[in-house]
Amino acid sequence: MNSNATLASIAAALHDKQRFLVLSHFRPDGDAIGCALAMGLCLKELGKEVQVWNEDGLPQRFAFLQEAALITKPPQNPEAFDVVLILDTAVRNRAGAQCLQNISPGALWINIDHHVSNDRLGDLLYIDTSAPAAGQILFELFHQCGLPLTAPMANALYAAISTDTGSFQYPNTTARTYEIAAELVRLGVNIGAINQALYETSPRRRLELLRALLNVLRFSSQERVASFALSTQIARELGTIPDDTEGLIDTIRSIEGVVVAAFFEELEDGLVRLSLRSKDARIDVCAICAEFGGGGHKLASGARVGGSLADVQDRVLAAIDRHMSALAV
Ligand code: AMP
């Protein structure tokens, strides 16, 4: 198995090479966007040629981040790079087909990630599954190796770490996470402004979507599993965009007595996007998602599953039920 490189050897590659591509996963969350942006800005500070691609482009809800326009959709034709940095991404195909097919062979691949399901892709790896966010690893890289760390980078890293820790609330949050947040504030993060932009600004359609989802909320496994599902038909009727669904699962995860929350989203390509959250360390939703070809973290995982919406719901809820009863929670 490919073992971890040192942060110093990754920093050396950043100094030595010239043409960089920064990638993160499709359907990007705050950690994916924040890491990609912070890394892209760091490389620019070092005077490097850098592009930052995301298969789905820059989600509107992160457009407020300084310099966020650095993140673009991949181009139509292949390009050559010395280094491809793939961040917050556990398996190569999560970078997206369009991104992958437009990278000419020959680059050094560097993977910095924190998912337990990471398949150790790349030539230089730094996988720390104890890190609550890939953004926390990036902070350590920049900080320990004397790399640039500007105010726009601090904002991007704050967005990464804050969103992946549920605003510093999830059990993966460590004392070090708070120390890093304090340092990011010292570097110029405006806490009130960034938290309002991240957590208190939603398009009305997202709330309409939540209303529609709560209408189809169901409970299973003796009321300990709450789930809802979004069909393409409802998404079209409400005019939602993929990003509108982010975080809605947290609403049902918070229900008293609920141990696992599940969200099913019918996609246009015939697959169903599955999101699972667990509130009990004994229920490993990464293991459940792995049964369906996905992965993530023990308490927050996902998968893309073939089948109709109803069929996928039945199969996944049955699998969750098996895990729940096996542990007799
Ligand atoms: P989500 O439910 O989409 O917010 O994802 C929760 C966590 O699981 C994130 O860390 C994702 O990166 C990860 N994840 C989601 N879908 C997949 C997948 N198909 N394969 C591997 N990891 C995934």
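Heavy-atom basis, side chains included; hydrogens, waters and symmetry copies ignored. In each ligand, atom 1 is the first atom listed, and ligand 1 is the first ligand listed.
- Contacts of Phe142 classified as ring pair (Phe, Tyr, Trp, His ring centres under 6.0 Å), with partners at least two apart in sequence or in another chain: none.
- In this structure, the protein non-hydrogen atom closest to atom 3 (O) of ligand 1 is Arg273 NH2, 3.0 Å.
- Remark: minimum distance from atom 15 (C) of ligand 1 to any protein heavy atom is reached at Gly302 CA, 3.4 Å.
- If you check which protein heavy atom lies closest to atom 19 (N) of ligand 1, you get Ala303 CA, 3.4 Å.
- Not a single heavy atom of Ala90 lies less than 4.0 angstrom from ligand 1.
- Closest heavy-atom approach to atom 1 (P) of ligand 1 within the set Ser117, Ser275, Cys286: this belongs to Ser275.
- Taking the charged nitrogens against the carboxylate oxygens, Glu265 and Arg27 do have a contact shorter than 4.0 Å, which makes a salt bridge.
- Protein heavy atom nearest atom 7 (C) of ligand 1, with residue, atom name and distance: Ala300 O, 3.4 Å.
- Distance from atom 4 (O) of ligand 1 to its nearest protein heavy atom, with residue and atom name: Arg277 NH2, 2.8 Å.
- With hydrogens and angles left out, the side-chain atoms of Glu266 and Thr232 include a donor and acceptor closer than 3.5 Å.
- Screening residues 42-58 for salt bridge (Lys or Arg N to Asp or Glu O under 4.0 Å) gives no qualifying pairs among residues at least two apart or on separate chains.
- Between the side chains of Tyr199 and Thr163, no donor-acceptor pair is found at a separation under 3.5 Å.
- Seen from the ring of Phe26, Arg94 counts as a face-on cation partner, given the 6.0 Å and 45° thresholds.
- Compare Arg304, His25, His297, Arg94 by their heavy atoms: the one nearest to atom 11 (C) of ligand 1 is in Arg94.
- The shortest contact between atom 21 (C) of ligand 1 and any protein heavy atom is with Gly295 N, 3.3 Å.
- Atom CD of Glu179 has more than 12 heavy atoms from other residues, nucleotides or ligands within 6.0 Å.
- Residue, atom and distance of the protein heavy atom nearest to atom 9 (C) of ligand 1 are His115 NE2, 3.9 Å.
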